[in-house]
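Below, each value reflects all heavy atoms present in this structure, side chains not excepted, and no hydrogens, waters or symmetry copies.
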Amino acid sequence: CRAAPGRRQRRGRAWWPRRPRQRGAASGAAPAREGTGETKNAKTKTADQQRRRLLVHRKGATRAFPPHHPSLPAEYRSIGQPVIVGGSMGTCSYVLTGTEAGMAKTFGSTCHGAGRALSRTEAKKRIDSADVLAKLRKQGIEVRVASPKLAAEEADAAYKSVKEVVSACHLAGISAKCVRLAPLAV
């Protein structure tokens, strides 16, 4: 059973059905909230064997257009849209690019992170921050935190495996792995 939506959620739900074109949907790109991985874009696509204009809402995903897509800036047209998929504090991150298969299967969307395995509250209960900080330092990762107590919330164990999530996207063909990045500092 889900709790009732908060004030901001209700406001967003009330806004969207009534005014889909006011935030730039007519132009084809309307970020709902920049940097959150939640975007709404109006696109003309083939769905159910019919060509029609659809609204693509990427919740928990991000845009990943393939090479030569007309919406991409010139510097990315030859390679496809780069997508940074951040890992947790002690794991690698990835740079992916969009693919033609991803355009067909997901309207040009892919993951933007692995997602949490534990809520922040649960992570603080189960994981010792001092152990997390010691493990990071042992891996040679420079650690700078405002409060050492918060390290448990962002520990590797609090997240799903970014390696598995990225591999699943790559194997499904919805995005392609380009670069794997190792953390130096968090």
Side-chain angles (χ1 to χ4, degrees), residues 1-13 16 31-41 56-65 75-76 79-99 102 105-106 108-186:
C1 179
R2 296 180 86 186
R7 188 178 80 224
R8 286 184 181 181
Q9 290 172 316
R10 281 194 304 269
R11 195 176 334 147
R13 288 179 189 156
W16 190 247
R33 291 182 284 169
E34 275 306 317
T36 64
E38 188 173 328
T39 58
K40 299 172 177 110
N41 294 347
V56 178
H57 181 191
R58 293 182 180 94
K59 180 139 175 90
T62 193
R63 191 175 96 161
F65 287 171
E75 59 266 24
Y76 300 135
I79 60 169
Q81 181 163 7
V83 177
I84 298 172
V85 181
S88 59
M89 291 193 302
T91 62
C92 58
S93 297
Y94 290 87
V95 178
L96 311 177
T97 57
T99 63
K105 294 177 183 179
T106 67
S109 303
T110 194
C111 68
H112 66 83
R116 295 193 73 86
L118 299 174
S119 69
R120 292 182 184 281
T121 303
E122 194 62 31
K124 285 190 280 189
K125 287 179 188 175
R126 291 189 192 184
I127 302 169
D128 181 33
S129 287
D131 291 345
V132 172
L133 295 173
K135 181 183 172 194
L136 291 170
R137 288 189 178 105
K138 188 175 179 181
Q139 288 178 267
I141 299 170
E142 180 67 29
V143 179
R144 306 265 171 126
V145 291
S147 170
K149 293 179 183 179
L150 299 178
E153 293 180 29
E154 298 299 323
D156 301 349
Y159 286 88
K160 297 173 193 167
S161 167
V162 71
K163 184 177 181 180
E164 289 177 17
V165 170
V166 166
S167 291
C169 291
H170 182 79
L171 290 172
I174 61 175
S175 51
K177 289 185 206 177
C178 288
V179 180
R180 180 179 171 268
L181 305 165
L184 299 175
V186 293

| Considering all heavy atoms of both residues, which atom of Thr97 and which atom of Gly80 are nearest to each other, and what is their separation? | CG2-O, 4.2 Å
| task | Measure across Met89 and Ala155 and return the closest heavy-atom pair with its distance rounded to 0.1 Å. | result | CE-N, 4.1 Å
| said: Between Lys177 and Cys169, is the side chain to side chain contact (heavy atoms under 4.5 Å, CB included) condition met? List the steps. | reply: CA-CA 9 Å; Lys177 289 185 206 177; Cys169 291; over 6 Å; no
| task | Please test Asp156 against Ser88 for side chain to side chain donor-acceptor pair (under 3.5 Å), starting from the C-alpha separation and ending with a verdict. | result | CA-CA 5 Å; Asp156 301 349; Ser88 59; 2.8 Å; yes
| Heavy-atom pair with the smallest gap, counting every atom of Ile127 and Ala157 | CD1-CB, 3.9 Å
| query | Any chance NZ of Lys135 has more than 12 other-residue heavy atoms, nucleotides or ligands included, within less than 6.0 Å? | reply | no
| Ion pair Arg116/Glu154, N-O distance below 4.0 Å | yes
| task | Count the heavy atoms of every other residue, nucleotide or ligand shown that sit under 6.0 Å from NZ of Lys105, and state whether that count exceeds 12. | result | yes
| message | Test your reading of the model: is there a side-chain donor-acceptor pair from Thr106 to the backbone of Gly102, 3.5 Å cut-off? | response | yes
| remark: On a heavy-atom basis, the closest approach of Cys111 and Val85 is O-CG2, 3.8 Å
| said: For the CG atom on Leu171, are there more than 12 heavy atoms of other groups (residues, nucleotides or ligands in this structure) within a distance under 6.0 Å? | reply: yes
| Reported NE2-to-CG distance for the pair His170 and Leu96, which is rounded to 0.5 angstrom | 9.5 Å
| message | Assess, by modelled atom type and distance only, whether the side chains of Lys124 and Ser129 contain a donor and an acceptor separated by less than 3.5 Å. | response | no
| task | Working to the nearest 0.5 Å, report the span between CG of Leu181 and CD1 of Ile84. | result | 8.0 Å
| Tell me, do Ile141 and Leu184 make a side-chain contact under 4.5 Å, heavy atoms counted? | no
| message | Would you compute the distance between atom CZ of Arg180 and atom OH of Tyr94 and round it to the nearest 0.5 angstrom? | response | 5.5 Å
| task | Can you see which heavy atom on Ser175 is nearest to which on Thr110, and at what distance? | result | OG-OG1, 2.8 Å
| note | Paired with Val95, the side-chain contact (heavy atoms from CB on, under 4.5 Å) test is passed by just one of Val166, Val179, Val83, namely Val179
| query | Which heavy atom in Ser109 sits nearest to a heavy atom in Ala61, and how many Å separate them? | reply | CB-CB, 4.3 Å
| query | Thinking salt bridges, do Glu142 and Arg144 make one under a 4.0 Å N-O criterion? | reply | yes
| field | Other residues, nucleotides, ligands: >12 heavy atoms within 6.0 Å of Glu164 CD | value | no
